[in-house]
Amino acid sequence: ARRQRQMCIRDRLNNVNEIEACVVMIRFGIPSDGALHKDTIEFLSGCGLDIVRPNPRSYTGEIVDVPGIIVHFQRAGDITLMVENQSLDVGIAGYDRYMETRDPQIDTEVLIGELGFGQCTLSFAVPEDWLDVSNLADLSEVAGQFRERGLELKVATKFPRLVSRFLVARGVNYFSIVPTSGTLEVAPAMGYADLIVDIISSGNTVRQNKLKTIKGGDVIASQACLIANRSTIQTNSKLQTECDMLTNAINSYLKSRA
């Protein structure tokens with residue numbers, strides 16, 4: 001009887017393994033919060049990829065007509081990292097956040113770089129009363145003047161990597177980054193930074209806080225993009241098929257809009 005039970009268990013396990021081998025689900029991460037959440041849902045619906053979410057608190061969902069995709073709702077800022085560590089296979093993220101957080105040593109790629117929503121620019125904003133500062137060259141001079149007085153130009157931003165690379169590439173070497181997760185626009189008025197580099201869409205918030213943008217101060221133009229972990233998809237033909245189905249649906253919609 002014991003041997004028969006062992007044979008039954010082995011047969012059941014073999015059946016389960018066969019079923020799991022046939023069902024391959026591509027893990028698709030989309031923003032669960034922030035400005036990209038609603039736009040992403042509407043965009044995918046336009047692509048014919050309607051998402052069903054059991055309830056508003058559920059972190060997973062599915063696409064009605066594509067059973068091979070499971071949707072994961074994640075914080076917009078975490079999606080790049082989760083694609084890198086293979087918790088997700090593909091995801092929608094802001095291009096600015098992707099470029100800020102990505103690890104160049106990990107094999108991720110942008111499958112579709114312009115999804116047509118979430119447009120914004122990462123830009124410098126300085127106090128309005130800096131009358132002599134209207135472009136990046138002026139800002140470089142200010143940084144030099146601060147250096148002569150034994151000070152460093154303090155730049156508040158949520159994108160320290162992108163901003164540091166941008167400044168150094170343009171010959172501005174005397175500065176310090178003030179990382180922050182709070183509201184940036186108040187930083188100069190409160191005195192914990194001299195200027196900010198932040199995401200700017202309309203520019204209304206910047207002006208309301210007595211700040212101004214400067215010529216040549218756009219670090220990166222951004223919008224929503226589709227990213228993927230190349231190594232996990234290209235080594236699995238079934239995942240590649242599901243990924244192709246997803247990208248074809250998106251590309252067809254983009255072409256129809258154009």
Side-chain angles (χ1 to χ4, degrees), residues 23-84 86-102 106-122 199-202 218 220-258:
V23 179
V24 177
M25 303 289 285
I26 192 166
R27 298 162 298 175
F28 181 25
I30 69 171
S32 63
D33 60 352
L36 289 181
H37 171 68
K38 182 180 178 181
D39 289 345
T40 298
I41 298 294
E42 292 178 353
F43 173 80
L44 291 175
S45 178
C47 297
L49 304 170
D50 293 299
I51 296 175
V52 175
R53 193 176 187 180
N55 63 73
R57 294 188 178 184
S58 175
Y59 289 102
T60 60
E62 59 182 16
I63 296 177
V64 178
D65 297 323
V66 189
I69 298 177
I70 181 169
V71 177
H72 293 270
F73 295 88
Q74 298 294 325
R75 289 180 63 250
D78 294 339
I79 288 178
T80 297
L81 176 61
M82 297 186 75
V83 170
E84 286 185 339
Q86 300 182 353
S87 298
L88 296 172
D89 302 306
V90 295
I92 288 179
Y95 183 68
D96 52 353
R97 182 55 58 184
Y98 170 73
M99 292 301 294
E100 170 68 21
T101 59
R102 68 183 292 268
I106 298 179
D107 199 16
T108 60
E109 66 176 328
V110 176
L111 295 180
I112 304 175
E114 299 180 355
L115 296 182
F117 63 94
Q119 292 93 338
C120 60
T121 306
L122 180 63
I199 294 299
I200 296 178
S201 297
S202 66
D218 293 343
I220 188 173
S222 177
Q223 62 179 284
C225 64
L226 182 70
I227 63 174
N229 189 307
R230 185 185 307 167
S231 57
T232 57
I233 291 176
Q234 291 187 346
T235 56
N236 187 316
S237 60
K238 292 181 179 179
L239 279 181
Q240 184 68 64
T241 299
E242 297 296 340
C243 184
D244 290 343
M245 187 181 300
L246 178 65
T247 55
N248 288 338
I250 292 175
N251 280 321
S252 295
Y253 176 62
L254 291 174
K255 289 179 180 177
S256 69
R257 289 204 310 183

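In this text the structure is predicted, and so the values were computed from the model without any measurement.
By the 4.5 Å heavy-atom criterion applied to side chains, Val66 and Glu242 are counted as neighbours.
Listed by first and then second residue, the salt bridge (charged side-chain N to carboxylate O under 4.0 Å, His left out) pairs that reach into residues 246-258 come to none, sequence neighbours excluded. Listed by first then second residue, pairs satisfying salt bridge (charged side-chain N to carboxylate O under 4.0 Å, His left out) with a partner in residues 89-98 read Arg27-Asp89, not counting sequence neighbours. Identified under the ring pair (Phe, Tyr, Trp, His ring centres under 6.0 Å) test for residues 221-241, with sequence neighbours left out: none. A ring pair (Phe, Tyr, Trp, His ring centres under 6.0 Å) check over residues 221-258, counting only residues at least two apart or in different chains, returns the pairs Phe43-Tyr253.
Taking CG of Asp39 as the start and CD of Gln223 as the end, the distance is 11.5 Å to the nearest 0.5 Å. With rounding to the nearest 0.5 Å, the separation of NZ in Lys238 from CE in Met25 is 13.0 Å. Going from atom CG of Leu88 over to atom CG of Asn229 covers 9.5 Å, rounded to the nearest 0.5 Å. Going from atom OG1 of Thr232 over to atom CD1 of Ile26 covers 7.5 Å, rounded to the nearest 0.5 Å. Rounded to the nearest 0.5 angstrom, Ile30 CD1 and Ile41 CD1 are separated by 3.5 Å. To the nearest 0.5 Å, the span separating OG1 on Thr108 from CD on Glu84 amounts to 5.0 Å.
Within the 3.5 Å criterion, the main-chain N or O of Gly29 finds no donor-acceptor partner in the side chain of His72.
For Asp107, the side-chain hydrogen bond (donor to acceptor under 3.5 Å, both in side chains) criterion is met by Arg230, not counting sequence neighbours. Under the side-chain hydrogen bond (donor to acceptor under 3.5 Å, both in side chains) criterion, Thr60 pairs with no residue at all, not counting sequence neighbours. Residues forming a side-chain hydrogen bond (donor to acceptor under 3.5 Å, both in side chains) with Asp78 (at least two apart in sequence, or on another chain): Arg75. The side-chain hydrogen bond (donor to acceptor under 3.5 Å, both in side chains) search around Asp33 returns none, not counting sequence neighbours. Here Phe73 pairs with nothing under the ring-ring contact (aromatic ring centres under 6.0 Å, His included) rule; sequence neighbours left out.
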Could you tabulate the donor-acceptor pairs under 3.5 Å formed by side-chain atoms of residues 244-251, not counting sequence neighbours?
{"unit_1": "Asp244", "atom_1": "OD1", "unit_2": "Gln240", "atom_2": "NE2", "d": "3.0"}
{"unit_1": "Thr247", "atom_1": "OG1", "unit_2": "Cys243", "atom_2": "O", "d": "3.1"}
{"unit_1": "Thr247", "atom_1": "OG1", "unit_2": "Asp244", "atom_2": "O", "d": "3.1"}
{"unit_1": "Asn248", "atom_1": "ND2", "unit_2": "Asp244", "atom_2": "O", "d": "3.0"}
{"unit_1": "Asn251", "atom_1": "ND2", "unit_2": "Thr247", "atom_2": "O", "d": "3.2"}

Please report, to 0.1 Å, the donor-acceptor pairs under 3.5 Å made by any side chain of residues 112-120, with sequence neighbours excluded.
{"unit_1": "Gln119", "atom_1": "NE2", "unit_2": "Gly116", "atom_2": "O", "d": "3.1"}

Could you pull out all donor-acceptor pairs under 3.5 Å where a side-chain atom in residues 44-53 meets a protein atom, sequence neighbours excluded?
{"unit_1": "Ser45", "atom_1": "OG", "unit_2": "Asp50", "atom_2": "OD1", "d": "2.7"}
{"unit_1": "Arg53", "atom_1": "NE", "unit_2": "Ser58", "atom_2": "O", "d": "2.8"}
{"unit_1": "Arg53", "atom_1": "NH2", "unit_2": "Pro56", "atom_2": "O", "d": "3.2"}
{"unit_1": "Arg53", "atom_1": "NH2", "unit_2": "Ser58", "atom_2": "O", "d": "2.8"}

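The nearest pair of heavy atoms linking Gly91 to Ile79 is CA-CG2, 4.0 Å. For the residue pair Pro31 and Leu36, the shortest heavy atom distance occurs at CG-CB, 3.8 Å.
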Go through the steps to decide whether Ile63 and Val71 satisfy the test side-chain contact (heavy atoms from CB on, under 4.5 Å), and finish with yes or no.
CA-CA 7 Å; Ile63 296 177; Val71 177; 3.8 Å; yes

Please assess Ile233 against Val90 for the test side-chain contact (heavy atoms from CB on, under 4.5 Å), listing each intermediate value before the final yes or no.
CA-CA 9 Å; Ile233 291 176; Val90 295; 3.7 Å; yes

Steps toward side-chain contact (heavy atoms from CB on, under 4.5 Å) verdict (Ser222, Met99):
CA-CA 10 Å; Ser222 177; Met99 292 301 294; over 6 Å; no

Run the side-chain contact (heavy atoms from CB on, under 4.5 Å) check on Thr101 and Leu81 step by step: do they pass?
CA-CA 7 Å; Thr101 59; Leu81 176 61; over 6 Å; no

